[in-house]
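Below is one structure, written out as structure tokens, with a few remarks after it.
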Amino acid sequence: MLKLTRLFVPLLLLLASSVRAGSSSEYELKAAFLYNFTKYVDFPGEKGPFVIGILGDDPFGSAIDNIVQGKTVNGRSIIVKRLKSEAEGKACGLVFFGADQSDKLSHLTAAFKGSPALTVSDSEGAIQKGVMIELIVEQNKIRFEINNGYAKASHLSISSKLLGLAKQVIQ
């Protein structure tokens with residue numbers, strides 16, 4: 001039980017954190033969410049570093065680099081890449097779509113379908129457009145919704161622990 005509690009403490013602290021929409025602390029917390037998501041998803045057997053890619057506008061700045069520095073995902077070191085194209089994202093374990101990609105989400109998610117990248121966005125309605133996890137700010141707290149059907153279609157297995165913390169899960 002103690003081990004289980006240690007696993008959830010970082011995520012539960014994030015869930016309890018209040019933010020102001022658009023603030024730098026909002027994106028520091030969202031960066032921490034991205035890292036924590038990687039702990040609760042089984043990714044297909046890739047080798048080499050685990051890559052978190054950011055496609056489009058980067059709202060995180062150095063916050064995400066600082067959060068993942070020295071951390072691992074299943075024994076793999078983590079690196080963050082700012083992507084110039086969707087093709088670069090297919091080699092990533094997790095891809096965050098920046099706000100400037102909102103109008104292209106349906107196209108982007110179709111391009112990523114079947115690739116083993118966990119897709120995340122904070123654009124409104126993103127999970128209906130094919131993104132696997134949508135970050136939302138609700139009552140000054142960061143929440144998330146999961147489209148587990150899209151994750152399964154890409155051969156990603158999201159832990160029931162993470163699914164249980166989501167505001168909404170679409171199968």
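What you see below is based on every heavy atom in this structure, not just the backbone, and it leaves out hydrogens, waters and symmetry mates. Only a predicted model underlies this, so the values are computations on that prediction, with no experimental measurement involved. Here, residue 1 is the first one in the sequence, and each next residue gets the next number.
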Among the clusters formed by ILVMFWY side chains lying less than 4.5 Å apart, do [X] and [Y] turn up in the same one?
| X | Y | value |
| --- | --- | --- |
| I142 | I52 | yes |
| V95 | F37 | no |
| L83 | V120 | no |
| V51 | F112 | no |
| L108 | L118 | no |

With heavy-atom distances below 4.5 Å as the criterion, would you say the side chains of [X] and [Y] are in contact?
| X | Y | value |
| --- | --- | --- |
| E26 | L135 | no |
| V68 | F50 | no |
| E86 | K104 | no |
| L156 | F43 | yes |
| S121 | I133 | no |

Least distance between heavy atoms, [X] atom then [Y] atom:
| X | Y | result |
| --- | --- | --- |
| D65 | R82 | OD2-NH2, 2.8 Å |
| I67 | K71 | O-NZ, 3.0 Å |
| S154 | G114 | OG-N, 3.3 Å |
| V137 | N140 | CG1-CA, 4.2 Å |
| L105 | S123 | CD1-CB, 3.9 Å |
| C92 | E88 | SG-O, 3.8 Å |

task: Can you sort out the partners of F60 under ring pair (Phe, Tyr, Trp, His ring centres under 6.0 Å), two or more places apart, ordered by chain and number?
output: Y27, F96
query: Counting only heavy atoms not in K113, do more than 12 fall under 6.0 Å of its NZ?
result: no
query: Take atom CD in Q128; do more than 12 heavy atoms of anything else shown fall under 6.0 Å from it?
result: yes
Between side-chain atoms of residues 163-171 and protein atoms elsewhere (two or more places apart, or another chain), which donor-acceptor pairs fall under 3.5 Å?
from	atom 1	to	atom 2	distance (Å)
K167	NZ	E138	OE2	2.7
Q171	OE1	N148	ND2	3.3

So how far is it from [X] [atom1] to [Y] [atom2], rounded to the nearest 0.5 Å?
| X | Y | atom1 | atom2 | result |
| --- | --- | --- | --- | --- |
| E124 | K129 | CD | NZ | 9.0 Å |
| I79 | Q69 | CD1 | CD | 13.5 Å |
| L162 | N36 | CG | CG | 9.0 Å |

message: Set out, in order, the CA-CA distance, both residues' side-chain angles and the distance that settles side-chain contact (heavy atoms from CB on, under 4.5 Å) for V131 and Y150, then state yes or no.
response: CA-CA 7 Å; V131 171; Y150 292 140; over 6 Å; no
query: Are the side chain of E134 and the backbone of I127 linked by a donor-acceptor contact shorter than 3.5 Å?
result: yes
field: Expected output: side-chain D57 to main-chain A99 donor-acceptor under 3.5 Å
entry: no
task: Give the intermediate values and the outcome of side-chain contact (heavy atoms from CB on, under 4.5 Å) for residues V41 and L94.
output: CA-CA 10 Å; V41 176; L94 183 150; over 6 Å; no
